[in-house]
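Contents: one structure, followed by commentary.
Since the model is a prediction, treat every value here as computed from it, not as a measurement. Only this structure's heavy atoms are used, side chains among them; waters, hydrogens and symmetry mates stay out. Numbers restart at 1 for each chain; the letters A, B, ... are given by sequence-line order, proteins then strands.
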Amino acid sequence: MLSLQAEICYKKMEIVLKSKIKEAVKILYNSEVTDDLIQIQETRKDFKGDFTLVVFPLLRFSKNTPENTGETIGNYLVDKFPAISGFNVIKGFLNLEISDTWWVEYFEKMASEKSHLENCQVSEPETILVEYSSPNTNKPLHLGHIRNNLLGYSLYRILSACGHKVVKTNIVNDRGIHICKSMLAWQKFGNGETPKSSGMKGDHLVGKYYVLFEKEYRVQIEKLMLEGIEETEAKNSAPLMREIREMLLKWEAGDNEIFDLWKMMNSWVYAGFDETYKKLGVDFDKIYYESDTYKIGKDIVLTALKENILYRNDDGSIWADLTQDGLDQKLLLRSDGTAVYMTQDLGTAVNRFNEYKFDKNIYVVGNEQNYHFQVLKALLKRMGYKWADGLIHFSYGMVELPEGRMKSREGTIVDADDLIKEMLETAMEVSLELGKLSDFSEDEKKDIFRKIGMGALKYYILKVDPRKNMTFNPVESIDFNGNTGPFIQYTYARIKSVFRKAELMGINADESMLSETKVGTKEIELIKLLRKFSETVSSAATVYSPAIIANYCYELSREYNQFYHDYTILGEGDVAIRNFRLVMSKVTSEILNKGMWLLGIEMPERM
RNA sequence: GGUUCCGUAGCUCAGUUGGAUAGAGCAACAGCCUUCUAAGCUGUGGGUCCCGCGUUCGAGUCGCGGCGGAAUCACCA
């Protein structure tokens, strides 16, 4: 065992360095420095050293050149701090070299950790609701929903990993005028078609009638316009529009026939959604239905009206005036008394707070709804709900195709089920071509194809900064080389393969035997990268970005693959070095596995 | 028009609280499998970080002004 000073906290070398530098400035220049002036960063790869102190901010104390200041502080640190084995100064940068001994001891502790998430735990865990998916029950899920679901689910795992109590919720938009559209079309043109009779997945069947409604509605509008009626008027007075308005009224009045129809068609859709969710590997702890919460919303609106927070228009509609908040007038109840989107969201939020007393309620919803959530928060605050500060709109960017936006009218919507199917097929084709799985059973193979195909899809979407709009290129998405999910899975499978062979040779990775080894620079590079895992997870949780973890896993895989290529592990004659490399491989595989797990991506043992 | 977000290599994307010579992948070209999985590794070429001004010892990063793009401002959700 090596003996290092107890004060060297293995978790945060930077913190120790900071205090040492503070001490140095005090003794050398007789000055007190504040923390923000001590800037420590990792040394860039093309320079010698491990940590770098930027000396520019300290010049005001040293009253000397950057070079001399760096030199003086460097000498002091090497003298007083055994973990620092040397230093060099380039321009205003003091590059500190940490001794190999320190790195090895540090790595030994890391290797003994079980989850590698020990350092991510927050001191004050919160109750956090994550709402994601929020489908409409009138059409199947598409590519946009996939991004939503993957982000929401990953966010859940990341926040949970940091110690928060996270509740996955889904709000199903199962009521409203748009739902009536597919119902009406089915009633008129369906001839009693069911998922069973047609063999169609329920959500797709309902979606078919929604599209049919839009088509017929369009025809009516155009006909009216030919008769010289203006477009807005035509849209309002088209017979189909009148009919769905009536239907919505009947629905809100609880009309039996309409209600039964609604229940039946929704049950078809839910069966379809469940299948897709299962394939995506996402689930929910609590599902809310707008049909339950819109009434609460209505009550809230009427109460607020009495309190003069809202106002009633001449036609009976109820509005909020948010111009003082820099927003506009917002309709909350239609003149016929039916609810709108905002009405139910008010109800849902209040309902949820009463149920969970959450610290945060994160809405994973596209950035096209930024305005909606601004209004929602402003409204709730105005109504006196203090917890509204805890509402967070996790606003992610749109998914576009290389040709531009997906448009239902042009039939460019990428269907979730189709896409998943395609990914799995491609994974199968590529795998079979490489022919590495010939000794596997059909079921085992299928499972591996699924992991690879879904891994590729999930990684492709999650590696992009969630806030940014992204382009989904179908050709690129099924590429398994380079910065892709399968690349990371492959790295993992490779390590697993090494361990299978090691077992046959009767070799074990022994974490307790690391200290006596002499390590190479490549090993230390890897240790440095492995060390960054927990801080990567922490910052992913802070800024709500699975992409940070995705890119970290990629970087780690690249680094490991270089190592794997350049050095032999099991063939190494020096037992201590062989063991060191084995332990390092083991930790790498554990961290890759955990990192990808946080993204909701499964890792195959072989591929 | 108002508000919000975005603009980095041919394409898709990284780029920590402002730090050193801006990085990957894809695509193109040239190499590396009798040795732990070549879904890998190495190399070459590729940049006015949209433009301008400002703050700073230092700006892709911060501020202001342009230009370009997206979203939104519905009795749709």
Taking the six-membered ring for Trp, are A/Y363 and A/F373 closer than 6.0 Å centroid to centroid?
yes
Picking from B/A20, B/C41, B/C36, the nucleotide nearest the side-chain atoms of A/L570 would be B/C36
Separation of atom OH in A/Y210 from atom P in B/C76, rounded to whole Å:
12 Å
Compare the minimum distances between each of B/U37, B/G19, B/U12 and the side chain of A/E476, then state the nucleotide with the smallest one.
B/U12
Does A/F487 reach a base, just sugar-phosphate, or nothing at all? Heavy atoms under 4.0 Å.
sugar-phosphate
Pick base, sugar-phosphate or nothing for A/I177, based on heavy-atom distances below 4.0 Å to the nucleic acid.
sugar-phosphate
Any base atoms under 4.0 Å from A/R405, or only sugar-phosphate, or nothing? Heavy atoms, all strands.
sugar-phosphate
Look at all strands and tell whether A/N561 reaches a base, only sugar-phosphate, or nothing, counting heavy atoms closer than 4.0 Å.
sugar-phosphate
Separation of the P atoms in B/G31 and B/G68, to the nearest angstrom
47 Å
In the structure shown, which nucleotide is the Watson-Crick or G-U wobble counterpart of B/C32, with both distances under 3.5 Å?
B/G40
Over all strands shown, is A/Y564 touching base, sugar-phosphate only, or nothing at heavy-atom distances under 4.0 angstrom?
base
For B/C33, measure the glycosidic angle (O4'-C1'-N9-C4 for a purine, O4'-C1'-N1-C2 for a pyrimidine) and name it syn if it falls within 90° of 0, otherwise anti.
syn
Nearest to the side chain of A/E368 - B/C36, B/U72, B/G40?
B/U72
Taking the minimum atom-to-atom distance to the side chain of A/Q39, which one of B/A77, B/C41, B/G19 wins?
B/G19
Indicate, with a heavy-atom threshold strictly under 4.0 Å, whether A/T568 touches base, sugar-phosphate, or nothing.
base
Report which part of the nucleic acid A/D465 touches: base, sugar-phosphate, or nothing (heavy-atom distance under 4.0 Å, all strands).
sugar-phosphate
Hey, are A/E14 and A/K532 close enough for a salt bridge, meaning a charged N less than 4.0 Å from a carboxylate O?
no
B/A39 base to A/T491 side chain: any donor-acceptor pair below 3.5 Å?
no
The residue, A/Q369 or A/N95, whose nearest nucleotide of RNA chain B is more 5′ is A/N95
Taking 4.0 angstrom as the limit, do A/K451 and A/D447 come out as a salt bridge?
yes
Is any side-chain nitrogen or oxygen of A/R245 closer than 4.0 Å to OP1 or OP2 of B/C76?
no
I'd like to know if A/D328 reaches the base of B/A74 with its side chain, counting only an N/O donor and acceptor under 3.5 Å.
no
Distance check needed: B/G15 C1' versus A/R44 CZ, whole Å only.
10 Å
In whole angstrom, give me the gap between the P atoms of B/U42 and B/G58.
37 Å
Quick one: label A/Q374 by what it contacts on the DNA or RNA (base, sugar-phosphate, nothing), any heavy atom closer than 4.0 Å.
nothing
Watson-Crick/G-U partner (both atom distances under 3.5 Å) of B/A70
B/U4
Is the shortest distance from a Lys or Arg side-chain nitrogen in A/D35 or A/K22 to a carboxylate oxygen in the other one below 4.0 Å?
yes
Considering only NZ, NE, NH1 and NH2 on the basic side and carboxylate oxygens on the acidic side, decide whether A/R175 and A/E252 come within less than 4.0 Å.
yes
Looking only at B/U42, B/U37, B/C57, the nucleotide nearest the A/Q562 side chain is B/U42
Would you mind classifying the nucleic acid contact of A/S431 as base, sugar-phosphate or nothing, using non-hydrogen atoms under 4.0 angstrom?
base
On a whole-Å scale, what distance lies between the P atoms belonging to B/G66 and B/A24?
37 Å
Taking atom P in both B/A77 and B/G18, what distance in whole Å separates the two?
43 Å
Taking all atoms of both residues into account, what is the closest heavy-atom pair of A/P135 and A/N170, and its distance?
CD-OD1, 3.3 Å
Determine, answering yes or no, if A/Y554 is stacked on B/A24 under the 5.5 Å centre rule and the 30° plane rule.
no
Just the rounded figure in Å: distance from P of B/U3 to NE2 of A/H393.
20 Å
Has A/K468 got a side-chain N or O lying under 4.0 Å from the OP1 or OP2 atom of B/A14?
yes
Please work out if A/F480 contacts a base, only the sugar-phosphate, or nothing of the nucleic acid, heavy-atom cut-off 4.0 Å.
base
Between B/A74 (P) and A/H178 (NE2): distance, integer Å:
19 Å
Just how far, in rounded Å, is P of B/U35 from CZ of A/R494?
13 Å
For B/C53, what is the paired nucleotide under Watson-Crick or G-U wobble rules, both distances under 3.5 Å?
B/G63
Within this structure, what is the CE-to-P distance between A/M505 and B/U35, rounded to whole angstrom?
15 Å
Once you round it to whole Å, what is the distance between C1' of B/C36 and CZ of A/F580?
18 Å
When rounded to the nearest Å, what value does the distance between P atoms of B/G7 and B/G60 take?
15 Å
Would you call A/R581 and A/E572 a salt bridge, using N to O less than 4.0 angstrom?
yes
For A/V54, which contact category applies under a 4.0 Å heavy-atom criterion: base, sugar-phosphate, or nothing?
base
Indicate yes or no: at least one non-hydrogen side-chain atom of A/R606 is less than 4.5 angstrom from one of A/F440.
yes
Taking the P atom in each of B/A14 and B/U34, what is the distance between them to the nearest angstrom?
39 Å
Taking only the C1' atom of each, what is the distance from B/G23 to B/U61 in whole angstrom?
15 Å
Counting the atoms with a prime plus P, OP1 and OP2 as sugar-phosphate, which does A/M470 contact under 4.0 Å by heavy atoms, base, sugar-phosphate, or nothing?
sugar-phosphate
Expressed in whole Å, how much space separates the P atoms belonging to B/G52 and B/C57?
23 Å
Within the structure shown, what part of the strands sits under 4.0 Å from A/L327 by heavy-atom distance: base, sugar-phosphate, or nothing?
nothing
At less than 4.0 Å, is any side-chain N or O atom of A/N481 found next to OP1 or OP2 of B/G40? Yes or no.
yes
Within the 4.0 Å heavy-atom criterion, would you say A/K436 contacts the bases, only the backbone, or no part of the nucleic acid?
base
Ignoring hydrogens and angles, answer whether the base of B/A20 and the side-chain atoms of A/T52 contain a donor-acceptor pair closer than 3.5 Å.
yes
Salt bridge or not for A/E231 and A/K235, using N-O below 4.0 Å?
yes
Listed nucleotide nearest any side-chain atom of A/F47, set B/A77, B/U37, B/A20:
B/A20
Per nearest nucleotide of RNA chain B, the residue lying toward the 5' end, A/L437 or A/N313, is A/L437
Nearest-Å distance for atom pair CD1/P, residues A/I40 and B/G19:
15 Å
Against the side chain of A/P486, the closest entry in B/C26, B/A39, B/G25 is B/A39
Closest approach to the side chain of A/N173, judged atom by atom: which nucleotide of B/A77, B/G25, B/A39 is it?
B/A77
Note: A/K522-A/E559 ion pair, threshold 4.0 Å (strictly below)
yes
